[in-house]
Amino acid sequence: MSLPATKPVYDRVALIGLGLIASSMFWAIQRAGLAGEVTGYARSETTRDTARRIGLCDRICDSAAEAVEGADLVVLCVPVGAMGQVAAEIAPALKPGATLSDVGSVKRHVIETVSPHVPEGVHFVPSHPLAGTEHSGPESGFAELFQNRWCLLVPVEDTEPSAVMRLRRFWEGMGANVDEMEADHHDLVLAVTSHTPHLIAYTMVGVADDLRRVTDSEVIKYSAAGFRDFTRIAASDPTMWRDIFLTNKTATLEILGRFTEELFALQRAIRTGDGQHLFDYFTRTRAIRRGIIEAGQDTSAPDFGRGAKGKA
Ligand code: NAP
């Protein structure tokens with residue numbers, strides 16, 4: 001657990017959009033004392049009321065402009081497809097010298113849609129914390145979400161290095177490991193590690209749902225770990241994932257094309273009884289899992305550690 005910072009990294013932080021990521025950020029900021037004051041704004045009154053009720057942010061504002069006024073750091077925590085429109089809305093109220101950031105899962109699209117609205121003298125430093133759950137909304141956040149997870153900073157050309165350094169300290173204070181990456185590379189890496197796997201999970205759960213109609217409830221009743229994990233991933237927020245696929249089109253289609261080719265090769269190996277192909281393939285993929293555990297990005301406990309707590 002991070003210890004409270006001796007001094008806040010920013011005097012005023014504004015979180016725009018109050019879902020899983022923003023609420024986790026607030027609890028992590030508060031835990032580590034990273035900001036003097038945190039303001040928050042969400043477009044719906046229901047979300048703002050919930051935020052006030054659970055004590056999310058020091059102050060919940062009724063307009064995005066009011067929330068960002070005087071803020072040293074503004075973080076856009078809305079779906080990727082809404083970033084440009086929200087940036088346009090807040091731009092006139094941004095303080096000169098402030099840093100504008102976001103947490104969107106796709107970077108090239110966010111840079112293209114937000115950059116035109118960034119006023120002279122405001123530092124735009126896009127970011128992406130590689131941490132999440134299948135839950136959404138203001139009540140789903142928790143302070144430990146970013147602990148030992150990566151946060152990628154994707155500075156645009158000519159960004160002031162001191163603004164990047166400050167944002168890095170901020171994310172490190174929330175427990176994240178921070179790296180910098182170029183936008184297109186980020187989108188390709190995420191297409192491999194997150195976006196395409198989500199699409200496959202959505203498809204598998206959809207196929208099983210079709211089958212369920214035939215076999216009644218057997219698919220759910222006997223769902224073993226593999227399928228259960230797919231259902232967890234496929235329960236993620238539909239708006240967020242629709243936006244990710246529409247805005248990371250090129251990279252996702254590229255990886256999906258490669259995936260389909262490999263799937264056909266495995267299909268052929270099964271049909272022709274080529275056990276060696278299957279064995280070699282599965283040996284290679286098992287080593288990848290070992291690498292993830294060695295990198296500290298998952299647990300080696302059987303069934304992701306669920307066994308110890310009984311049924312998850
Ligand atoms: P979330 O829990 O669904 O919350 C989304 C927030 O954005 C809500 O406050 C919602 O407002 C607001 N919003 C939705 N559509 C909007 C629009 N058209 N205009 C203005 N505000 C809008 O989402 P989240 O999981 O925190 O994700 C936020 C961002 O983080 C996304 O860009 C996502 O790609 C990125 N991200 C997510 C994860 C993850 O695993 N969840 C991980 C890393 C990065 P209302 O509540 O008022 O509707």
Side-chain angles (χ1 to χ4, degrees), residues 14-28 39-54 56-57 60-65 67-68 74-91 100-111 113-114 117 126-142 144-147 149-154 171 174-176 178 181 183 186-187 189-191 193-195 197-199 201-202 232-248 252 297:
L15 303 174
I16 307 300
L18 296 172
L20 169 72
I21 300 299
S23 56
S24 298
M25 286 179 74
F26 174 70
W27 301 123
T39 55
Y41 170 77
R43 63 178 174 168
S44 75
E45 205 173 339
T46 314
T47 300
R48 297 198 297 273
D49 286 347
T50 305
R52 287 186 181 111
R53 177 172 54 74
I54 64 173
L56 190 66
C57 298
I60 294 294
C61 303
D62 286 320
S63 78
V68 308
V74 175
V75 189
L76 306 180
C77 305
V78 298
V80 171
M83 295 283 184
Q85 175 216 318
V86 174
E89 196 182 328
I90 61 164
L100 174 65
S101 188
D102 76 293
V103 291
S105 307
V106 177
K107 294 277 59 100
R108 176 57 63 198
H109 178 85
V110 170
I111 291 170
T113 53
V114 170
H117 305 291
S127 72
H128 180 201
L130 307 188
T133 75
E134 67 278 24
H135 300 296
S136 50
E139 294 183 272
S140 57
F142 52 99
E144 299 76 22
L145 181 65
F146 309 112
Q147 200 67 45
R149 296 282 156 224
W150 283 102
C151 179
L152 300 175
L153 301 186
V154 184
W171 276 105
M174 286 191 278
V178 179
M181 205 179 262
H186 166 279
D187 289 354
V189 169
L190 266 292
T193 57
S194 170
H195 305 168
H198 269 80
L199 197 69
Y202 278 122
R232 186 187 64 72
I233 295 171
S236 302
D237 187 68
T239 306
M240 167 180 157
W241 284 95
R242 177 203 61 194
D243 285 7
I244 287 174
F245 293 120
L246 293 181
T247 59
N248 197 18
T252 309
Q297 294 298 302

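Since we're looking at a predicted model, the values are computed, not measured. Whatever order the structure lists them in is the order used to number ligands and atoms, beginning at 1.
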Considering the heavy atoms of [X], write down every atom of ligand 1 situated less than 4.0 Å from one of them.
X: G104; answer: 32 (O)
X: H128; answer: 43 (C), 44 (C)
X: T133; answer: 40 (O)

Give me the residue, atom name and distance of the protein heavy atom closest to [atom].
atom: atom 43 (C) of ligand 1; value: P129 O, 3.2 Å
atom: atom 36 (N) of ligand 1; value: S105 OG, 3.4 Å
atom: atom 32 (O) of ligand 1; value: V78 O, 2.7 Å
atom: atom 9 (O) of ligand 1; value: L18 N, 2.8 Å
atom: atom 37 (C) of ligand 1; value: M240 CE, 3.3 Å
atom: atom 27 (O) of ligand 1; value: I21 CG1, 4.0 Å
atom: atom 42 (C) of ligand 1; value: A131 O, 3.0 Å

(message) Under 3.5 Å between any N/O of S136 and any N/O of ligand 1: does that happen in this structure?
(response)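 In fact, backbone or side chain, S136 has no N or O that close.
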
Report the part of [X] (side chain from C-beta onward, or backbone N, CA, C, O) that has a heavy atom under 4.0 Å from ligand 1; answer both or neither where that applies.
X: R48; value: neither
X: C77; value: backbone
X: T47; value: side chain

(message) Could you check whether F142 and W27 have their ring centres less than 6.0 Å apart?
(response)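 W27 vs F142: aromatic centres not under 6.0 Å.
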
(request) Would you kindly say whether S44 and T47 are connected by a side-chain donor-acceptor distance under 3.5 Å? (result)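 There is such a pair between these side chains.
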
(request) Indicate the ring-plane relationship of H198 and W241, choosing parallel, tilted or perpendicular according to the 30° and 60° boundaries. (result)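 The arrangement is parallel - the two ring planes meet at less than 30°.
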
